[in-house]
Number of protein chains: 2
Amino acid sequence: MAIKNQASGGVSRQVLADHVYEALLVALMDGRLEAGTPVSIDGMARELDVSPTPVREALARLEATGMVRRMALRGYRVAPLFSPEELADLMDARLVIEPANAFMACRNADPELAKQLEQAIEDLKAAPRGPSFAEFRAYWEADERFHRLIAEFADNQFLLSAYNALGGQVQRFRFFGGLGVTDADYAIAEHTEILKAFESGDAELARQKMIDHIEGVKQRSQHDSEVRS
Amino acid sequence: MAIKNQASGGVSRQVLADHVYEALLVALMDGRLEAGTPVSIDGMARELDVSPTPVREALARLEATGMVRRMALRGYRVAPLFSPEELADLMDARLVIEPANAFMACRNADPELAKQLEQAIEDLKAAPRGPSFAEFRAYWEADERFHRLIAEFADNQFLLSAYNALGGQVQRFRFFGGLGVTDADYAIAEHTEILKAFESGDAELARQKMIDHIEGVKQRSQHDSEVRS
DNA sequence: AAATCGCATTTCCTATAGGATCTACGCTGC
DNA sequence: GCAGCGTAGATCCTATAGGAAATGCGATTT
C-alpha cells in the first residue's frame, strides 16, 4: 500500500478514498488541474500510486460539489471556469442565502463567535495577496472561514447544506488564479462592518451588512472579469 | 452480468452504477429501507446481483444527497428521519430559497411555464392520497414538479443547486409514510395562488404567495408531527 | 481533398480475490 | 453476576484482471 493508513487516532479514521479526495481537491484548487482537462481514473490512480477503485469513489463525491463533471463511459473532466454571467448568478445566489445566515447567526451569537470572526479578519489582514496559489491560499482560507462561521452559527443544517452546495467559495477560489487578490481592502472593511453588527446584536443590521458585502464582491468580481478579458 | 446494459440509445447511456443508484433511491423512498438501518455494500451487491464496485459508487453519490450517512470502515446507514425541530429548520431554509426562486422565476415567466404549473396543480388534484408509497407517489411527484419548475425557471444554476441540496422534497417524502397526504386541499389552494401571481406577472406577489405556502406547510407539518408522536 | 472505414491503444466499467477492520458471542476469571 | 478477553463471522476496503466502449490515427475510397 502506497499511502500509509496513518490511523489518525481521532474519532473518525480516514480511508484511502479520503486521501485521494483531498489530493484531488488541492490539485483542483492550486491550478494543477485546469478547467476542462480530463481526469483519467486510471491515470490518476497511477499518479497517486493507488488502485482505481478509491479514485473512482473520490471522483463520485467530487462530482456532487460541481468541481468535476462526469459523462458515462467517457470519464470525468474538470468543470469549466465561470463566465462573468455565471459569476453574477453565483453572487445572486449568495445574496439569497448568506444574508439569511447572518440574520439567524446574529440571533445565536455569543462572545466566542465574535472572537473567532475577529480572528478571521485579522488573518485576512495578515495574509499575502499574490497571484499564485501558495500566496493567496491563506487569504482565501480566512475569507472562507469568516463566511462559514456565520453559516454554521445560523444553526440550520439545511441552510448550511445550501451554503455548501453553492461551492462558490471553492469555485471562486479558482477564479483568483492569475489575478491574485484584488479587493482585500474592501473585503476587510466590509467584514469588519459585519462583525460590528454582530457585536451590537442587531440581526437586521447584520443582514444588511452582509448584503452590502456580497453586492460589493459582485461588483468587484464583474470588474475583474472585464480586466481579465 | 446480471443487469443488461440496455444501451438506452439516448444522449447519455447508463452504466450499472446509475441503475444501482436509482434502485437505492426507490428503495429509500418507498420505505423498504427504513431510517437508521445499515446498508451493507456487499449485501446490496448480492441483492441486486452486481458486484460491490458499482454499489460503492452509487452510495458515494447518495451520501451527497443526505439520504445515507457514511462512517469510515463501518459502512453506510440510512439517514435518520427528521425530528419536528429539524423539519421546522427545513421549512425555514425553504423560506429562504424558494420565495427568491419564485420572484426570479416570475420575471422569466412565459405562457409555457404557466401551462406547466397548471398541469402540476391538476395532477395534484387528481392524485390519490393514501398512506402507502404506491398511493401518494403521484401526489408527491406533482408537488415536487411544481416547486422544481419554479426553481428551474429562476434560471440560476446555483440557486437550483441550493434547492437540490435541501433534499427536502425527497426527505419530506419519507415523512409522509404511514400518514399519507393530509394537507392536499390547502396545498392545492396555495399552489393556485402562486400560479395566479405568476399569471399576473407580479414578482413581488409571487414571492409573498410562496412565503404563505411554505409557512402553511411548516405549520401543518408541525401539527402532523404531534399527531404522529 | 475530404470523408469513411478499420485497427490499435487508451480508458472506462465490472467482477473477483484477499487483507484489514469491525461486530458478536462465548469463555474465562474475579 | 459481571467485566475482560479471544475467536469467528461478516463487512469494509483495496488491488488486480479482463471485457466493453471510446478515442486517435492511418489507409482507403469517392
Side-chain angles (χ1 to χ4, degrees), chain A residues 1-24 27-28 33-34 36-64 67-79, chain B residues 1-24 27-28 33-34 36-64 67-79:
Chain A
M1 211 184 310
I3 298 180
K4 204 144 160 226
N5 204 343
Q6 51 192 15
S8 68
V11 288
S12 170
R13 292 190 294 177
Q14 289 207 340
V15 292
L16 214 44
D18 296 329
H19 289 281
V20 174
Y21 182 89
E22 293 184 15
L24 283 170
L28 282 164
L33 288 176
E34 288 183 20
T37 57
V39 182
S40 160
I41 295 174
D42 292 348
M44 192 56 60
R46 283 192 298 271
E47 191 168 327
L48 298 177
D49 199 12
V50 298
S51 79
T53 311
V55 175
R56 179 174 291 278
E57 188 172 333
L59 282 170
R61 289 187 221 162
L62 264 179
E63 191 192 2
M67 307 269 300
V68 299
R69 297 195 199 291
R70 162 181 171 273
M71 288 175 63
L73 299 179
R74 292 181 55 178
Y76 292 86
R77 309 175 135 301
V78 180
Chain B
M1 208 186 314
I3 297 181
K4 203 131 165 246
N5 204 341
Q6 52 192 14
S8 67
V11 287
S12 170
R13 293 190 292 180
Q14 290 206 338
V15 292
L16 215 45
D18 296 330
H19 288 283
V20 174
Y21 182 89
E22 292 184 15
L24 283 170
L28 283 163
L33 287 177
E34 288 182 20
T37 57
V39 181
S40 159
I41 294 174
D42 292 348
M44 191 56 61
R46 283 192 298 273
E47 191 169 327
L48 298 177
D49 198 13
V50 297
S51 81
T53 310
V55 174
R56 178 174 292 277
E57 188 171 332
L59 282 170
R61 289 188 221 163
L62 264 178
E63 191 193 2
M67 306 270 300
V68 299
R69 297 197 201 292
R70 162 179 171 273
M71 287 174 63
L73 299 178
R74 292 181 54 177
Y76 292 87
R77 310 178 75 79
V78 180

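Here is how names work: the chains are called A, B, and so on, in the same order as the sequence lines, proteins then strands, and each is numbered from 1. Basis for what follows: all heavy atoms, side chains included, without hydrogens, waters or symmetry-related copies.
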Could you give the CD-to-C1' distance, from B/Gln14 to C/dT14, as a whole number of Å? 16 Å

Is the phosphate of D/dT11, meaning OP1 or OP2, less than 4.0 Å from a side-chain N or O of B/Arg46? yes

If I take atom CZ in residue A/Arg77 and atom C1' in nucleotide D/dT23, what distance separates them, rounded to the nearest angstrom? 12 Å

Whichever of A/Ala17 and A/Asp42 has its nearest DNA chain D nucleotide further upstream toward 5': A/Ala17

Answer yes when A/Asp18 and B/Arg70 have at least one side-chain N-carboxylate O distance shorter than 4.0 Å, and no when they do not. yes

Quick one: A/Met71 CE to C/dC13 C1', roughly how many Å, whole number? 16 Å

Regarding A/Ser40, tell me which of base, sugar-phosphate or nothing describes its non-hydrogen contacts under 4.0 Å with the strands shown. sugar-phosphate

Separation of B/Glu57 atom CD from D/dC13 atom P, in whole Å? 15 Å

If you only use heavy atoms from C-beta on, which nucleotide in D/dA15, C/dT16, C/dT14 is closest to the side chain of B/Pro52? C/dT16

With sugar-phosphate meaning primed atoms plus P, OP1 and OP2, does B/Pro38 contact a base, only sugar-phosphate, or nothing at under 4.0 Å between heavy atoms? nothing

Of the candidates D/dT14, C/dC13, D/dC13, the side chain of A/Thr53 sits closest to D/dT14

Nearest heavy-atom neighbours spanning A/Val78 and A/Glu34: CB-O, 3.3 Å

Round to the nearest Å and state the distance from B/Leu16 atom CG to D/dG19 atom C1'. 14 Å

Could you measure the distance from the OG atom of A/Ser40 to the CZ atom of A/Arg77? Nearest 0.5 Å is fine. 11.5 Å

Nearest-neighbour nucleotide for the B/Pro54 side chain, C/dC12, D/dT14, C/dT14 considered: C/dT14

OP1 or OP2 of D/dT11 less than 4.0 angstrom from a side-chain nitrogen or oxygen of B/Arg74, does that happen here? no

Looking at every non-hydrogen atom in both residues, tell me the closest pair between B/Tyr76 and B/Arg56 and how far apart they are. OH-O, 4.4 Å

Taking D/dC13, C/dT16, D/dT14 as options, the one with an atom nearest any side-chain atom of B/Ile41 is D/dC13

Here the distance between atom C1' of D/dC12 and atom CZ of B/Arg70, to the nearest Å, is 10 Å

B/Tyr76 atom OH is separated from D/dA10 atom P, nearest whole Å, by 22 Å

Taking the side chain of B/Arg56 as its heavy atoms from C-beta onward, which of D/dT14, C/dA15, C/dT16 lies nearest to it? D/dT14

For a quick check of understanding: with a heavy-atom distance under 4.0 Å over all strands, which category does A/Val55 fall into, base, sugar-phosphate or nothing? nothing

Given atom CD of A/Glu47 and atom P of C/dT11, what is their separation to the nearest angstrom? 12 Å

C/dA15 phosphate, OP1 or OP2, under 4.0 Å from B/Ser51 side-chain N/O: yes

Check whether any side-chain heavy atom of B/Leu16 sits under 4.5 Å from a side-chain heavy atom of B/Thr53, and report yes or no. no

